[in-house]
Participant: 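Sharing a structure below in structure tokens format, with a few things to ask.
Here is how names work: the chains are called A, B, and so on, in the same order as the sequence lines, proteins then strands, and each is numbered from 1. Atoms considered below: every heavy atom in the structure, side chains included; atoms not considered: hydrogens, waters and symmetry mates.
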Number of protein chains: 2
Amino acid sequence: MVKKNKIKNISAEEKILAAAHKVFTTKGMNGARMQDIADEAGINKALLHYYFKDKDKLFETIFVVEAQRFFPKITMIFQSDAPLFEKIENFVSEYIDEMQENPYLPWFVINEMNRDPEKFMDKVWGKENLPKPARFLEQIEEEIKAGRIKRINPIHLFMNMISMTIFPFLGKPMFVRNLRLSDKQFNEIIEQRKKEIPKFIIDSIKK
Amino acid sequence: MVKKNKIKNISAEEKILAAAHKVFTTKGMNGARMQDIADEAGINKALLHYYFKDKDKLFETIFVVEAQRFFPKITMIFQSDAPLFEKIENFVSEYIDEMQENPYLPWFVINEMNRDPEKFMDKVWGKENLPKPARFLEQIEEEIKAGRIKRINPIHLFMNMISMTIFPFLGKPMFVRNLRLSDKQFNEIIEQRKKEIPKFIIDSIKK
DNA sequence: ACTTTTGTTAACCATTTGGTTAAACTATAT
DNA sequence: ATATAGTTTAACCAAATGGTTAACAAAAGT
């Protein structure tokens with residue numbers, strides 16, 4: 001009656017999830033085909049609908065996991081109590097690590113976010129559960145008042161940090177082509193950015 | 001025999017182009033429906049195929065125009081001979097202007113670029129016609145040698161500038177929600193960034 | 001053993017979607 | 001005015017696509 005953990009069942013459902021993950025994150029919801037997912041999983045298309053009601057449901061299952069992977073670190077930086085500079089270093093470094101392992105992530109998330117912003121935001125943060133930027137903004141204000149950093153609108157600082165961290169993954173095809181970078185070189189550049197971005201920021205705001 | 005510029009023809013073809021522009025740039029190639037475009041244009045679906053062979057052809061027509069709108073400024077900054085700081089200011093300011101008028105642009109371009117990077121890049125820059133970053137890189141090296149700016153890998157400087165300029169448009173839904181910004185406030189922030197980004201960069205690299 | 005539940009498939013179905021056809025309509029040239 | 005070339009449409013078509021069904025197989029419960 002209750003779902004048992006038969007070895008076969010698990011492996012089928014997980015094959016589906018792995019396949020759906022691959023297809024959805026590379027093609028997006030609109031570009032993904034249920035048949036592609038079935039093929040990728042090596043099973044019959046009907047089995048997809050046996051485990052997951054329909055395409056939307058399957059997509060949402062994948063999507064929520066990926067979005068949770070992408071966003072919580074933004075929340076984290078808001079709420080942690082580490083010193084500002086350390087916080088910046090942690091954020092950049094952890095984010096880049098995450099995206100080096102899942103380079104599709106930024107495109108996937110940004111793409112789906114723009115496809116239907118309302119539904120998206122509600123699904124990622126429940127209507128209530130929003131990260132509170134107050135702590136982060138306050139912290140910057142404190143540093144300014146203490147005379148340790150220059151006056152800057154915290155929002156710009158926040159945007160700059162996130163932009164420099166994420167965008168290179170989105171613009172990769174453009175960067176590698178126009179800067180004549182090999183894949184290896186691009187990855188090296190990205191690796192450098194873990195230190196380069198915090199340095200760039202701190203050089204800019206430190207008094 | 002030869003196509004005449006009858007008023008009606010022009011207006012039909014242009015209605016199609018305007019409609020295709022709207023649908024493609026908001027939904028993307030995969031999300032766009034030929035019927036939607038026809039409806040938007042207020043004409044019969046068959047007429048789309050009368051003026052444009054098929055969906056791919058129509059898409060490409062729109063796409064090339066938009067991509068040309070998005071990319072040439074990157075080329076420009078490489079090739080101009082303006083002083084470095086001025087170049088940065090021009091780039092940021094002009095780019096933001098362009099995207100304020102066409103906020104869909106970054107998403108559309110990034111999206112299609114990731115959908116098929118090879119075809120994309122070839123279509124935007126013909127296989128030969130690549131911008132040469134050498135001038136820009138040299139210029140930064142010169143400034144470093146002249147002791148006017150700190151040592152920095154020009155590639156990082158380039159990535160930072162582009163990232164800070166473009167990304168806020170891609171992440172808008174996230175920013176407005178998490179920072180509790182109204183549309184008006186968001187636009188004000190963006191407006192500020194025309195000065196804020198160059199300042200942020202120059203503060204960081206100036207000796 | 002045999003009944004029931006769960007897992008899996010091939011074949012099928014309905015809708016959507018890009019694209020075509022043939023006919024009708026409009027403007028222009030003769 | 002009428003023939004002609006260009007424009008527009010309604011109706012249609014075939015392929016793609018998401019989803020269902022019915023039958024069968026494998027496990028689990030009794």
Participant: Checking only heavy atoms, does the side chain of A/K55 share a donor-acceptor pair with the base of D/dG19 at less than 3.5 Å?
Facilitator: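 When only heavy-atom distances are counted, A/K55 does not reach the base of D/dG19 through any donor-acceptor pair under 3.5 Å.
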Participant: Is it the case that the side chain of A/E60 and the backbone of A/K55 share a donor-acceptor pair, with hydrogens and angles ignored and the cut-off at 3.5 Å?
Facilitator: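 Flag not set: sc A/E60 to bb A/K55 has no pair under 3.5 Å.
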Participant: What is the distance, rounded to the nearest whole Å, between atom NZ of A/K45 and atom P of D/dT21?
Facilitator: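 Computing the A/K45:NZ to D/dT21:P distance gives 13 Å.
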Participant: Would you say the ring centers of A/Y95 and A/F169 fall short of 6.0 Å from each other?
Facilitator: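 Between A/F169 and A/Y95, which both carry aromatic rings, the centre distance is not below 6.0 Å.
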Participant: Determine: side-chain N/O of A/R33 to OP1/OP2 of D/dG18, distance under 4.0 Å, yes or no.
Facilitator: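 Checking D/dG18 against A/R33, a side-chain N or O does come within under 4.0 Å of OP1 or OP2.
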Participant: For B/A32, report the nucleic acid contact type (base, sugar-phosphate, nothing); a contact means any heavy atom under 4.0 Å.
Facilitator: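 Counting heavy atoms under 4.0 Å across all strands, the contact made by B/A32 is with sugar-phosphate only.
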Participant: Measure from CG on A/L47 to P on C/dA10 and round the result to the nearest Å.
Facilitator: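 In whole Å, C/dA10 P and A/L47 CG are 11 Å from each other.
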Participant: Using a cut-off of less than 4.0 Å, is there contact between a side-chain N or O of A/Y51 and OP1 or OP2 of C/dT8?
Facilitator: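 Affirmative; the distance criterion is met.
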Participant: Please determine whether a side-chain nitrogen of the Lys or Arg among B/E196 and B/K199 lies less than 4.0 Å from a carboxylate oxygen of the Asp or Glu.
Facilitator: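 Salt bridge flag = no for B/K199 with B/E196.
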Participant: B/D39 has an atom CG; how far is it from atom P of C/dT17, in whole Å?
Facilitator: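 The distance from CG of B/D39 to P of C/dT17 comes to 12 Å, rounded to the nearest Å.
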Participant: How long is the line joining CD1 of B/I37 and C1' of C/dG19, in whole Å?
Facilitator: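 Distance, rounded to whole Å: 13 Å.
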Participant: May I have the distance from B/Q35 (atom CD) to C/dT15 (atom P), rounded to whole angstrom?
Facilitator: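 Value for this atom pair: 17 Å.
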Participant: Would you kindly give the CE-to-P distance between B/M34 and D/dA16, to the nearest whole Å?
Facilitator: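 It is 17 Å, rounded to the nearest whole Å.
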Participant: Side chain of B/A12: nearest nucleotide among D/dT8, C/dG19, D/dG18?
Facilitator: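 Among the listed nucleotides, the one closest to the side chain of B/A12 is D/dT8.
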Participant: Name the nucleic acid region contacted by A/I43, choosing base, sugar-phosphate or nothing; use a 4.0 angstrom heavy-atom cut-off, strictly under.
Facilitator: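 Sugar-phosphate: the residue A/I43, judged by heavy atoms under 4.0 Å, touches backbone atoms but no base.
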Participant: With ring pair (Phe, Tyr, Trp, His ring centres under 6.0 Å) as the test, pick out the partner of B/F24 among B/F59, B/F52, B/F108.
Facilitator: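 Exactly one candidate clears the test, B/F59.
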Participant: In whole angstrom, give the distance that lies between atom CG of B/D36 and atom P of C/dT16.
Facilitator: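 Between P of C/dT16 and CG of B/D36: 12 Å.
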Participant: Would you indicate which nucleotide in D/dG18, C/dA10, D/dT9 comes nearest to any side-chain atom of A/A46?
Facilitator: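 Within the option list, the nearest is C/dA10.
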Participant: Given C/dA10, is OP1 or OP2 found less than 4.0 Å from the side-chain N or O atoms of A/N44?
Facilitator: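 For A/N44, the contact criterion (side-chain N or O under 4.0 Å from OP1 or OP2 of C/dA10) is met.
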Participant: Could you give the CG-to-P distance, from B/D56 to C/dG18, as a whole number of Å?
Facilitator: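 Whole-Å distance recorded here is 11 Å.
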Participant: Please report whether the ring centroid of B/F63 lies less than 6.0 Å from that of B/H21.
Facilitator: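 No, too far apart.
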Participant: Using a heavy-atom cut-off of under 4.0 Å over every strand shown, decide if A/D54 touches base, sugar-phosphate, or nothing.
Facilitator: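 Answer is sugar-phosphate: A/D54 comes under 4.0 Å of backbone atoms only.
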Participant: Using a cut-off of less than 4.0 Å, is there contact between a side-chain N or O of B/Y50 and OP1 or OP2 of D/dG6?
Facilitator: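 It does not, given that no N or O in the side chain of B/Y50 lies less than 4.0 Å from OP1 or OP2 of D/dG6.
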